[in-house]
Student: 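The structure's right below; bear with me while I get my questions together.
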Amino acid sequence: MEKLKAQLEELLTRLENATELRAKVKELVSIYPFSEYEYIISHLLASKKLSLDEYYQLRNDYLDRNLYLYLFEISAPRGFGELWAHGHLKELVPSLQRPSKQTDPNYSGEYDFFLSPNIRIEVKASRAVEFRSSAPLYLKALASDSQKQFDMNFQQIKPACCEVFVWLAVWRDVIKHWVIPSYEVENNRNYSKGQHRGNIGEGQLHLNKDNIHEFDKYLVQAKDIEAAIRAAFKREKRLRKHG
DNA sequence: ATAGATCGGCCGATGGACAA
DNA sequence: TTGTCCATCGGCCGATCTAT
């Protein structure tokens with residue numbers, strides 16, 4: 001949005017009456033779907049200072065930069081974490097099974113997916129939003145090249161309940177996937193094992209601008225997630241045995 | 001700045017009521 | 001019995017606040 005604003009401001013300078021229009025925009029009252037953007041673009045088009053091709057370019061660039069902005073409009077944690085994140089992963093890896101009492105008699109919701117023959121998987125998702133801002137999510141959503149600070153808190157992490165973690169992070173323009181053996185989450189230097197009463201075995205891990213690159217080695221392209229899960233499972237087995 | 005506690009939100013498991 | 005609907009509510013979800 002900021003970039004679009006800057007682009008439009010740049011385009012405005014093509015107008016002879018730019019100052020006048022800026023003043024009008026300032027006073028402008030809009031109701032959805034009308035907006036200051038549509039207002040400025042209309043003026044540019046009408047005065048032939050913006051060609052249709054340029055308009056398409058502007059529009060497509062914005063779409064590319066904000067492909068996943070709609071995900072920031074989901075307000076309920078479970079709507080995002082359970083409905084979207086699980087659904088998204090299931091699309092990428094159709095062989096993931098939803099566990100139930102049928103597939104695992106002891107199952108009681110402690111992990112999210114099962115991959116044959118015996119891999120338990122926990123999915124965690126978070127969105128990149130500007131740290132310490134109280135604006136709505138979709139307004140403080142960050143682009144992946146943003147220099148602003150963020151705090152993605154992966155919580156209720158229970159390393160004993162799964163062999164492999166799949167973490168998803170959403171920016172306005174990209175979705176990143178990490179695949180990590182449970183052991184390596186539990187022993188990561190950023191993992192804090194909250195051990196207050198009733199919370200034993202549960203921890204959290206804050207990802208931010210400064211430590212996120214420590215996890216780059218776990219980053220996986222969407223098409224490689226299943227293979228990565230299987231590899232992580234093997235590694236998990238070895239680590240639990242030999243440390 | 002960081003660890004971890006708290007919060008509102010609501011999914012989905014569960015079970016009772018009822019029909020066929 | 002089997003299937004469907006509906007209301008209840010425990011617990012899981014991640015965002016954000018608090019204490020250190």
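In the text below, chain A, chain B and the rest are named by the order of the sequence lines, each starting its count at 1. On a predicted model such as this, the values are computed, not experimentally measured, just so you know.
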Student: Take the protein atom CD of A:Q156 and the nucleotide atom P of B:dT6, then report the distance between them rounded to whole Å.
Tutor: 12 Å
Student: Any side-chain N or O of A:K209 less than 4.0 Å from the OP1 or OP2 oxygen of B:dA1?
Tutor: no
Student: Report the residue (A:D210 or A:A76) whose heavy-atom-nearest nucleotide on DNA chain B is the more 5′ of the two.
Tutor: A:D210
Student: Separation of A:I212 atom CD1 from B:dT2 atom P, in whole Å?
Tutor: 14 Å
Student: Could you tell me whether the phosphate oxygens of B:dG4, OP1 or OP2, come under 4.0 Å of any side-chain nitrogen or oxygen in A:S192?
Tutor: yes
Student: Determine yes or no for a side-chain-to-main-chain donor-acceptor pair under 3.5 angstrom, with A:E186 supplying the side chain and A:P159 the backbone.
Tutor: no
Student: A:Q204 CD to C:dC12 C1': how many Å, rounded?
Tutor: 14 Å
Student: Give A:E122 one of three labels, base, sugar-phosphate or nothing, depending on what nucleic acid heavy atoms sit under 4.0 Å from its own.
Tutor: sugar-phosphate
Student: Is any side-chain N or O of A:N153 under 3.5 Å from a base N or O of C:dT16, one able to act as donor and the other as acceptor?
Tutor: yes
Student: Please report the distance, rounded to the nearest Å, between CZ in A:F80 and P in B:dC11.
Tutor: 15 Å
Student: For the CD atom of A:Q147 and the CD atom of A:Q149, what is their distance to the nearest 0.5 Å?
Tutor: 10.5 Å
Student: Does A:H43 have any side-chain hydrogen bond (donor to acceptor under 3.5 Å, both in side chains) partners at least two apart in sequence or in another chain, and if so, which?
Tutor: none
Student: Let me see the working for A:Y68 and A:W171 under ring pair (Phe, Tyr, Trp, His ring centres under 6.0 Å), right down to the final yes or no.
Tutor: CA-CA 7 Å; A:Y68 304 112; A:W171 281 261; over 10 Å; no
Student: Would you say the side-chain atoms of A:D112 pair up with the backbone N or O of A:V123, donor to acceptor, closer than 3.5 Å?
Tutor: yes
Student: Within this structure, what is the NZ-to-C1' distance between A:K158 and C:dC12, rounded to whole angstrom?
Tutor: 7 Å
Student: With heavy atoms under 4.0 Å as the rule, sort A:A85 into base, sugar-phosphate or nothing.
Tutor: nothing
Student: Sequence neighbours excluded, which residues qualify as ring-ring contact (aromatic ring centres under 6.0 Å, His included) partners of A:F34?
Tutor: none
Student: Pairs under 3.5 angstrom only: tabulate donor-acceptor contacts from the side chains of residues 215-224 of chain A to other protein residues two or more places apart or in another chain.
Tutor:
| from | atom 1 | to | atom 2 | distance (Å) |
| --- | --- | --- | --- | --- |
| A:D216 | OD2 | A:H213 | ND1 | 3.0 |
| A:Y218 | OH | A:E184 | OE1 | 2.3 |

Student: Mind jotting down which residue pairs meet the side chain to side chain donor-acceptor pair (under 3.5 Å) criterion with at least one end in residues 21-30 of chain A? Sequence neighbours excluded, please.
Tutor: A:E9-A:R22
Student: Pick the nucleotide of DNA chain B nearest each of A:L83 and A:N190; which residue has the one closer to the 5' end?
Tutor: A:N190
Student: Grab the OH-P distance between A:Y111 and C:dC12 for me, whole Å please.
Tutor: 14 Å
Student: Hey, could you give me the CD/CD1 distance between A:Q7 and A:I41, rounded to the nearest 0.5 Å?
Tutor: 9.5 Å
Student: Round to a whole Å and report the spacing from CE of A:M152 to P of C:dT16.
Tutor: 13 Å
Student: Where do N or O atoms of nucleotides 6-11 of chain C meet protein N or O atoms at under 3.5 Å, pair by pair?
Tutor:
| from | atom 1 | to | atom 2 | distance (Å) |
| --- | --- | --- | --- | --- |
| C:dG11 | N2 | A:R78 | NH1 | 2.2 |

Student: Atom CZ of A:F131 to atom P of B:dA3: distance rounded to whole Å?
Tutor: 12 Å
Student: Any base atoms under 4.0 Å from A:D112, or only sugar-phosphate, or nothing? Heavy atoms, all strands.
Tutor: sugar-phosphate
Student: Do any N or O atoms of the protein come closer than 3.5 Å to N or O atoms of nucleotides 18-20 of chain C, and which pairs are they?
Tutor:
none

Student: Considering residues, nucleotides and ligands other than A:Y39, do more than 12 of their heavy atoms fall under 6.0 Å from its OH?
Tutor: yes
